[in-house]
Amino acid sequence: MDAAFLKSAALENQYPPPDRPEIAFAGRSNVGKSSLINVLVNRKGLAKTSSTPGRTQTINFFHVGKELCFVDLPGYGYAKVPIQVKKTWQKMVETYLRNRPNLKAVVLILDIRREPSGGDLELFHWLRYYKIHTIVVCTKIDKVSQQEARRQANLIKKEFAEISPVDPSLFSAKTRKGREDIWKRILQCLDTPNGERGNGTKGNESSRV
Ligand code: GTP
Ligand code: MG
């Protein structure tokens, strides 16, 4: 897949022009957002990854093919980040999510081994409130057995259902399992009419858990 780094931005006036549909990747720090982007576009080092949480600190835009943009957002929930920096990141992410007119969907990434954090639930609530289509992905499934993955995914599903029903895709950046499924869901939401930022997660998709 033809993909290229386009721009890194903190402020709205630094964003590239909203000239093509955009998909943003959000989630806790170190969950695997950048790794997921790299697997989707088949380019190992495109989005910078790191075992140290807090690697992505600005909003990074990538052109994917000729008609799509991926956006790597800074992660949340990393305890060692000073409160002032946290606030700046939160504002940066919220400003982007609220105002980006070409945003088609947010891929919300969770670690299959963890219960959703307060930050995860808060973000999901917020995405529902602003009617931003959300694709939930549970990643790092290579770290657990298949049975454990199913169990954990059901638990995550249950917690999210308190806000709105979700149908998580299971993924591993290591084995690349789940890649096709996530692409399918991304391409599906590009079909929503222009100017409409998606209508939630209650589609007619089959259960993936
Ligand atoms: P920040 O930018 O710091 O918020 O992190 P991020 O969410 O972009 O995470 P990143 O992709 O940098 O991955 C963090 C660490 O998790 C790296 O060491 C990755 O190699 C590892 N990782 C990511 N996805 C997977 C996965 O599916 N399986 C395994 N085993 N490791 C993964
Ligand atoms: Mg990152």
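Just so you know, ligand 1 is whichever comes first in the structure, and atom 1 is the first atom listed for that ligand. Here, residue 1 is the first one in the sequence, and each next residue gets the next number. Since this is a predicted model, take the numbers as computed values, not measurements.
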Nearest heavy-atom approach of Ala173 to Val39 is O-CG2, 3.7 Å
Residues Thr95 and Glu12: closest non-hydrogen pair is CG2-OE1, 3.7 Å
Between [X] and ligand 1, is there a nitrogen or oxygen pair with a distance under 3.5 Å?
X      : answer
Asp72  : no
Pro74  : no
Ser34  : yes
Phe171 : no
Ile141 : no

Salt bridge (Lys or Arg N to Asp or Glu O under 4.0 Å) filter on Glu148, not counting sequence neighbours, yields Arg151
Restricting to salt bridge (Lys or Arg N to Asp or Glu O under 4.0 Å), what partner residues turn up for Arg113, sequence neighbours left out?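 Salt bridge (Lys or Arg N to Asp or Glu O under 4.0 Å) check on Arg113 returns Asp111.
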- So, for Tyr96 and Tyr15, is the gap between ring centers shorter than 6.0 Å?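 Yes - the distance between ring centres of Tyr96 and Tyr15 falls below the 6.0 Å cut-off.
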Ligand-residue contact atoms, ligand 1 with [X], heavy atoms, under 4.0 Å:
X      : value
Ser29  : 3 (O), 4 (O)
Ala173 : 24 (N), 25 (C), 26 (C), 27 (O)
Thr139 : 27 (O)
Gly75  : 4 (O)
Ser35  : 10 (P), 11 (O), 13 (O), 19 (C), 23 (C), 24 (N)

Quiz item: Judged by non-hydrogen atoms, does Ser172 sit under 4.0 Å from ligand 1?
Solution: yes
So for Thr49 against ligand 1, with non-hydrogen atoms under 4.0 Å, the contacting part is both
In sequence, state the C-alpha distance, the side-chain angles, and the governing distance for Asp72 and Ser34, and then conclude on side-chain hydrogen bond (donor to acceptor under 3.5 Å, both in side chains). CA-CA 7 Å; Asp72 193 5; Ser34 303; 2.6 Å; yes
Note: Lys104-Glu22 ion pair, threshold 4.0 Å (strictly below): no
Could you tell me whether any N, O or S atom belonging to Thr49 is less than 2.8 Å from the Mg ion (ligand 2)?
no
Check: Considering only heavy atoms, which of Asn30, Leu36, Asp142 lies nearest to atom 26 (C) of ligand 1?
Finding: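 It is Asp142 whose heavy atom sits nearest to atom 26 (C) of ligand 1.
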Side-chain contact, heavy-atom cut-off 4.5 Å: Phe62 with Asn60?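 They are in contact (side-chain heavy atoms under 4.5 Å apart), so the answer is yes.
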Next on the checklist: Does either side chain, that of Arg100 or that of Asn102, offer a donor lying less than 3.5 Å from an acceptor on the other one?
Outcome noted: yes
